[in-house]
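What follows is a single structure, written as structure tokens, with notes after it.
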Amino acid sequence: MSKKKNLLYLHASILVFSFTGVFQKLASTQYNEGGLANPLVYVFVFLTFLNCAVYAFAWQKVIKGFELNFAYAHKTVYLIWAQIWAVVLFHEHLSVQNLIGLAMVFAGVLVVQHYD
């Protein structure tokens, strides 16, 4: 596989992993609304585990095409996706500190990308 295609798969697996936090937050919300009697709690917990299993399988396949330091540096992009989902799906607000932190993460990924 080409390096660009591998990089696309790497980031697709990170995107998949970012939904773990979404499912966890949805499970928590459903638990707060109805406790353990709420069947949606179990649906979202199941989706969390399923998502983690799919991610684990994909991640193991994808990292074969990269050095580990490169792959793990790119995994920090998860933080960016988590903030995007927080704003888009849960209508949370980003602080200046959040934005500075995200910029630092992105800069770190670019530095690692540059030296590979």
Side-chain angles (χ1 to χ4, degrees):
M1 249 190 298
S2 73
K3 187 163 182 162
K4 286 184 182 182
K5 197 171 190 179
N6 278 343
L7 192 59
L8 179 65
Y9 286 142
L10 177 70
H11 280 271
S13 71
I14 295 166
L15 177 64
V16 166
F17 181 65
S18 73
F19 281 102
T20 301
V22 171
F23 293 138
Q24 289 172 338
K25 181 153 182 148
L26 291 170
S28 174
T29 302
Q30 292 302 315
Y31 175 77
N32 289 337
E33 290 178 5
L36 291 175
N38 187 342
L40 287 177
V41 170
Y42 300 102
V43 169
F44 290 123
V45 168
F46 171 76
L47 288 173
T48 298
F49 284 115
L50 179 64
N51 191 55
C52 286
V54 168
Y55 163 73
F57 178 76
W59 180 255
Q60 291 302 314
K61 293 289 185 187
V62 167
I63 63 171
K64 291 178 183 178
F66 299 101
E67 291 186 27
L68 283 180
N69 64 338
F70 181 86
Y72 277 97
H74 278 259
K75 192 174 177 183
T76 59
V77 171
Y78 160 79
L79 299 171
I80 295 171
W81 282 114
Q83 291 300 313
I84 290 170
W85 300 143
V87 170
V88 172
L89 299 176
F90 301 110
H91 309 292
E92 296 179 9
H93 299 283
L94 292 179
S95 68
V96 172
Q97 290 88 351
N98 291 128
L99 295 173
I100 292 170
L102 291 174
M104 290 174 67
V105 166
F106 189 68
V109 170
L110 290 177
V111 166
V112 171
Q113 174 82 25
H114 176 72
Y115 288 109
D116 186 46

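- Residue pairs meeting the side chain to side chain donor-acceptor pair (under 3.5 Å) criterion with at least one member in residues 76-90, sequence neighbours excluded: S18-W85.
- Applying the under-4.5 Å side-chain rule to Ile, Leu, Val, Met, Phe, Trp and Tyr, the cluster around V87 extends to L94, L99.
- Its side chain within the 4.5 Å cluster rule, I100 clusters with V96, M104 among the Ile, Leu, Val, Met, Phe, Trp and Tyr residues.
- In this structure Y72 satisfies the ring-ring contact (aromatic ring centres under 6.0 Å, His included) test together with W59, sequence neighbours excluded.
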Let me check something: any side-chain donor-acceptor pairs from residues 42-55 under 3.5 Å, sequence neighbours excluded? List them with distances.
from, atom 1, to, atom 2, distance (Å)
Y42, OH, L36, O, 3.0
T48, OG1, F44, O, 2.8
N51, ND2, V16, O, 2.9
N51, ND2, T20, OG1, 2.7
Y55, OH, K75, NZ, 3.0

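- Sequence neighbours left out, the pairs with a member in residues 82-110 that pass salt bridge (Lys or Arg N to Asp or Glu O under 4.0 Å) are K25-E92.
- The hydrophobic cluster containing V88 also contains V77, counting ILVMFWY residues as joined when their side-chain heavy atoms lie under 4.5 angstrom apart, directly or transitively.
- With H11 as reference, L7 is the one residue of L8, L15, L7 to meet the side chain to side chain contact (heavy atoms under 4.5 Å, CB included) rule.
- Within 6.0 Å of CZ on F90 lie more than 12 heavy atoms contributed by other residues, nucleotides or ligands.
- Pairs of residues two or more places apart, or lying in two chains, never qualify as salt bridge (Lys or Arg N to Asp or Glu O under 4.0 Å) while including a residue from residues 42-51.
- By the criterion of side-chain heavy atoms lying less than 4.5 angstrom apart, applied directly or through intervening Ile, Leu, Val, Met, Phe, Trp or Tyr residues, I14 is grouped together with I63 in one hydrophobic cluster.
- Between V41 and Q30, the closest heavy-atom pair is CG2-C, 3.6 Å.
- A single hydrophobic cluster is seen to contain both Y9 and F70, as judged by linkage of ILVMFWY side chains at heavy-atom distances under 4.5 Å, directly or through other members.
- Screening residues 28-54 for salt bridge (Lys or Arg N to Asp or Glu O under 4.0 Å), with sequence neighbours left out, gives no hits.
- With sequence neighbours left out, Q60 forms a side-chain hydrogen bond (donor to acceptor under 3.5 Å, both in side chains) with no residue at all.
- The list of side chain to side chain donor-acceptor pair (under 3.5 Å) pairs with a residue in residues 97-106, not counting sequence neighbours, reads S95-Q97, S95-N98.
- Residue pairs that meet the salt bridge (Lys or Arg N to Asp or Glu O under 4.0 Å) test with at least one member in residues 101-111, sequence neighbours left out, do not exist here.
- With rounding to the nearest 0.5 Å, the separation of CG in L26 from CG in L89 is 8.0 Å.
- For Q24, the side-chain hydrogen bond (donor to acceptor under 3.5 Å, both in side chains) test picks out no residue, with sequence neighbours left out.
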